[in-house]
Amino acid sequence: MPNNIIENFGCEVFNDHVMKKMLAPDVYEELHKTIDAGTPLDPAIANQIAEAMKEWAIERGATHFTHWFQPLTGVTAEKHDSFLCGEDGGKPILKFHGKELIKGESDASSFPSGGLRATFEARGYTAWDPTSYAFIKNETLYIPTAFCSYSGEALDTKTPLLRSMEAVSRSAVRILKLFGHETKRVIATCGPEQEYFLIDRRMYAARKDLIFTGRTLFGAKPPKGQELEDHYYGMLRTRIQSFMRDLDVELWKVGVMAKTEHNEVAPSQHELAPIFTTANIASDHNQLTMELLRKVAHKHGFKCLLHEKPFEGINGSGKHDNWSLSTAEGVNLFEPGSTPAENMQFLLFLSAVIKGVYEYQDLIRISVASAGNDHRLGANEAPPAIISIFLGDELTEILDAICEERRYFGSKRTDMQIGVDVLPKFLKDTTDRNRTSPFAFTGNKFEFRSPGSSQSIAVPTTVLNTIVADELDRFYAELEGAENFESAVHDLIRKTILENKNIIFNGDGYSKEWVEEAERRGLHNLPTTPDALIHYCDKPNVELFERQGVYSRAEMESRYVIKIENYCKIIKIEALTMIEMTKKDILPAVSTYVRKMAEAVSCARSIADVECGFEEDMIKNLTSLSTGMYKKMRSLEELVASAPETEDQRLADYYKETIIPAMARLRTVGDEIESLVGEKYWPYPTYGRMLFAV
Ligand code: ADP
Ligand code: MG
């Protein structure tokens, strides 16, 4: 039934529509106060909401509920309980109390806490986040929750995101008031575009590297890669099309507004973009999207790869975090206005972003740092590790005009109107979209393109919200008592642009020249995760987050420890996987193949005096290469064994400087061998088969 998908949109969500229907009017109103203004919920009301949720969930076939949270493992966690609380003459009694809805206990000791456990409590709890709707999946009522230690330290990605949304709202509301613009709340919005690969599940199952690490650690270049660019927006094959259709059905049921789906540049790579929504919901929805991508792929005989770089020599996958701020009434604060006064407000918010990104480049870089993403950033397919802002020619010219105190006459499309001082009226940027910038202004929002495909958008969004909140606070302090508000705003914008314009770059972010130019400008270039992480707890960064009430110092230190450990563990698993593949599969395969060749030679020679050039060459080349590979594997083994016995920055640096290059050397010879060995003898599906066979 073609219309089912439309009828079923949100059918598994306890959304506003359902709440209105199921809750008494006063309860509904109280709950809305909590959702809209963050006021604490009366426990009596919580009982009524829980009861309504349970009724609704049971009606839809659910028997269990779970607090759903996002610990620092990078994947979501859940602990299921049934509604069952006894029986009455053989009939089950099903209950769900307000306190079960609001708070759940969880043993925090099985989740990473980066030392917080030692300092604080071992127990953790999950707290209902009423700003993100509960939903049903697999006969279970999912309740989005924040995850904290008993002493209130955040152990997840949601808590800091919610705190940062509060911070930016508080700061922006005050600034808007100065412009005579009253609003209760300012909301951070996100629309994350998600890239992923789909490969045949049987091929996935035949590759240890994909199974253990999510990416291929060996793989010779196929004759065809992405050079023809014939995949981008290409026609969707039937099998993919039916996968996407099914995915949309599942996403729509849980209220995820999946909007566009298309093929990406690399073969077998695809992208999904939702319609933007509140940052918190967008982040929950992106987690759900990743889960459903995996689940629906499985159903269709695919494996969905969310790793940032599954295949060498082929573009990796990112997640563009489109980000903006809007008022509770839905006015987008990064939409250039139609009057000079509106533009003054727009330019002030823009200045806050420019200044924030310039001052906290390292934090922005750190927010996307992971072992997987290190393969992408700066690899001529994704933005460089150097953070800069793309504004487009028109906006840049307007800012230049302001700095130089001259009038802006703009492009032909521009409707000129000199109002307040030199602030013009201008239309949306008309220049080509720049795809090489990590952080681009795209007309009425920013597109942060560095996040990796498997990452939570909560982390980079938390940084964006916080830096902007902080800059707006400083602006407020300067503007609050100004005698002439308009000229004070103008001067502030001018000063801010003059002091921070080094971060603006409209050119080719992939070019070598930019790396040199960025160095001249004094911008950070932190190419790897260990290079970036070391700055995480720098004084200005800790002070920023503490000032804005987003992370405490202890929370930051614990996150630093978790990130470092995670990096080390990933590289170690990759190295051990390579060793195992070499020892157990690749070298034995070479041996078998060489033996076949040798048998062929002696067999042929027993019949006639023939040349056997191919076989002899193969035997010589392959035995020499396999000896080389064996030595490289042994050397990698020794290097892994002699790693420092700590799990700190020193170990991360060691993995970066010593293990990764040794892995690369092993791979080079492995790939050369692969290109020589008969395909029938090779133990793994090749790049060509994985990427083009779907
Ligand atoms: P493209 O980048 O392919 O040109 P769009 O610019 O239309 O596509 O949108 C890309 C993503 O940005 C979508 O997920 C969209 O919902 C999101 N987006 C659009 N406006 C905003 C906004 N104000 N805040 C956050 N995200 C937004
Ligand atoms: Mg985009």
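As the structure lists them, so they are numbered: ligands from 1, and atoms in each ligand from 1.
Near Ile275, meaning under 4.0 Å from any of its heavy atoms, are these atoms of ligand 1: 16 (O).
Classification of the Phe334-Phe446 ring pair by plane angle, with boundaries at 30° and 60°, yields perpendicular.
For atom 14 (O) of ligand 1, the choice among Pro274, Cys190, Gly443 with the nearest heavy atom turns out to be Pro274. Here the shortest heavy-atom distance to atom 5 (P) of ligand 1, taken over Lys259, Lys445, Glu193, Met257, belongs to Lys445.
The residues Arg185 and Asp36 are annotated as not salt-bridged, no charged nitrogen and carboxylate oxygen being separated by less than 4.0 angstrom. Salt-bridge formation is detected for the pair Arg474/Asp470: a Lys NZ or Arg NE/NH1/NH2 atom is positioned less than 4.0 Å from an Asp or Glu carboxylate oxygen. Salt-bridge annotation for Glu359 and Lys355: present, with a side-chain N of the basic residue lying under 4.0 Å from a carboxylate O of the acidic one.
Of the polar atoms of Asn444, none of the N or O atoms is found under 3.5 Å from an N or O of ligand 1, judged by distance alone. Looking at ligand 1, you won't find any N or O of Arg435 less than 3.5 Å from one of its N or O atoms. In terms of polar-atom proximity, defined here as any N/O pair under 3.5 Å, Phe276 does make such a contact with ligand 1.
Only the side chain of Asn332 comes within 4.0 Å of ligand 1, counting heavy atoms alone; its backbone N, CA, C and O stay farther away.
Of the residues Gln194, Glu308, His307, the one that meets the side chain to side chain donor-acceptor pair (under 3.5 Å) test with Ser454 is Glu308.
Side-chain polar atoms of Asp374 and Thr529 form a donor-acceptor pair below 3.5 angstrom.
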